[in-house]
Amino acid sequence: MNLRRILTGMCTGAFAGFGVFTIWPSSLARWNWLGGWLAAGIIITTAWLVNHYAGAMPNRGAWVDMALSIWLAALLGGSVVLDPAKGLVRGGYGLLHGANLGGALMTIFLQLVGATLAGYLLYAARRSDV
Amino acid sequence: MMWTWQHVLTTVFGGLIFPLVVGLVWGKLADEYKSFGGVLAGFFIVGTIWLLNHGIGLMYEPQMNGSLPGPWSDMALTAFWGLFVADLMEGKKVDWEAILSGVLGGVLGGLLLFAIV
């Protein structure tokens, strides 16, 4: 355990999580679905360069993607929209606001089912690759 | 508002397709074009699959209706979990430094989102 490496990853992970749930809803509100597509390039790309290309998020074992920080940030803190007409407003609420985790549990469970299947397919694809 | 088998099917598929495409394509793009490969991947993998999962709404999130909409479970969860599981199956070890970084990053990001407005 290297504390400085963890602190660096914490800051750059928070950058990804905060960036996604401010820029994405704002871009969506401003430019509709094309804004949603562009938002991925604007924030995911930059956060990937920092976290995974430059390697600020430590990764020596099974891959831990910055996506973990992104998911958790919205779950806890919700989302924020820079609306073209109304200015900075709240988009969604998180656990920190008292939102009920129970409402999201079914979605979380089914997402994990799909992702586990994908993990297996990736593992199988890599094995037949080599 | 209620879950139906249609919602179950689309949500599971949405959760499957994101990590699968990321795992199959992202590394190849980064190998071929280095940092620019990540730029392409950001737009053409995450942007395009976001349109399907959250723009169109393959992933059903009924909790976003009502007076206190939330909490949002982003498709990011599937990218993390799918890639992590694939590596575990391959025999790679859990890196607690990485897990802790990711979780603390999420907590700090969530606090910032909570604090700003």
**Prompt:** Considering only heavy atoms, which portion of B/Met59 lies under 4.5 Å from any heavy atom of chain A: side chain, backbone, both, or neither?
**Reply:** side chain

**Request:** Examine whether an atom of B/Leu51 lies under 4.5 Å from a heavy atom of chain A, and if so say whether it belongs to the side chain, the backbone or both; otherwise answer neither.
**Result:** side chain

**Message:** Classify the ring geometry of B/Phe44 against A/Trp37: parallel below 30°, tilted from 30° to 60°, perpendicular beyond 60°.
**Reply:** perpendicular

**Message:** If you count heavy-atom pairs within less than 4.5 Å of chain A, which of B/Ile56, B/Leu88, B/Val22, B/Leu108 leads?
**Reply:** B/Leu108

**Item:** Minimum heavy-atom distance B/Pro19-A/Leu122, with the two atoms named
**Value:** O-CD1, 3.5 Å

**Prompt:** Does the pair B/Tyr60 and A/Leu110 meet the rule for a side chain to side chain contact (heavy atoms under 4.5 Å, CB included), with working shown?
**Reply:** CA-CA 10 Å; B/Tyr60 187 53; A/Leu110 294 172; over 6 Å; no

**Item:** Non-hydrogen atoms of A/Val64 and B/Phe80 that approach each other most closely
**Value:** CG1-CE1, 4.0 Å

**Message:** A quick test of your reading: do over 12 heavy atoms of other residues, nucleotides or ligands sit less than 6.0 Å from OH of A/Tyr120?
**Reply:** no

**Request:** Side chain from CB out, backbone as N, CA, C, O: work out which of these in B/Trp3 comes under 4.5 Å of a heavy atom of chain A, or both, or neither.
**Result:** side chain

**Prompt:** Hey, are the side chains of A/Asp65 and B/Trp26 touching, using non-hydrogen atoms and a 4.5 Å cut-off?
**Reply:** no

**Item:** Any side-chain heavy-atom pair of B/Val117 and A/Val89 under 4.5 Å
**Value:** no

**Prompt:** For B/Phe84, is it the side chain, the backbone, both, or neither that has a heavy atom closer than 4.5 Å to a heavy atom of chain A?
**Reply:** both

**Request:** Rounded to the nearest 0.5 Å, what's the gap from CD on B/Gln63 to CD1 on A/Ile108? Could you check?
**Result:** 8.0 Å

**Message:** To check you understand the geometry: which heavy-atom pair defines the closest contact between A/Leu96 and B/Gly110, and what is its length?
**Reply:** CD1-O, 3.7 Å

**Prompt:** Are any of the side-chain heavy atoms of A/Tyr123 and B/Asp87 separated by less than 4.5 Å?
**Reply:** no

**Message:** I'd like to know if the side chain of B/Glu97 and the backbone of A/Asn2 have a donor-acceptor N/O pair within less than 3.5 Å.
**Reply:** yes

**Item:** Proximity breakdown for A/Phe21 and chain B, heavy-atom pairs closer than 4.5 Å
**Value:** both

**B/Phe114 side chain reached by A/Leu76 side chain, heavy atoms, under 4.5 Å** = no

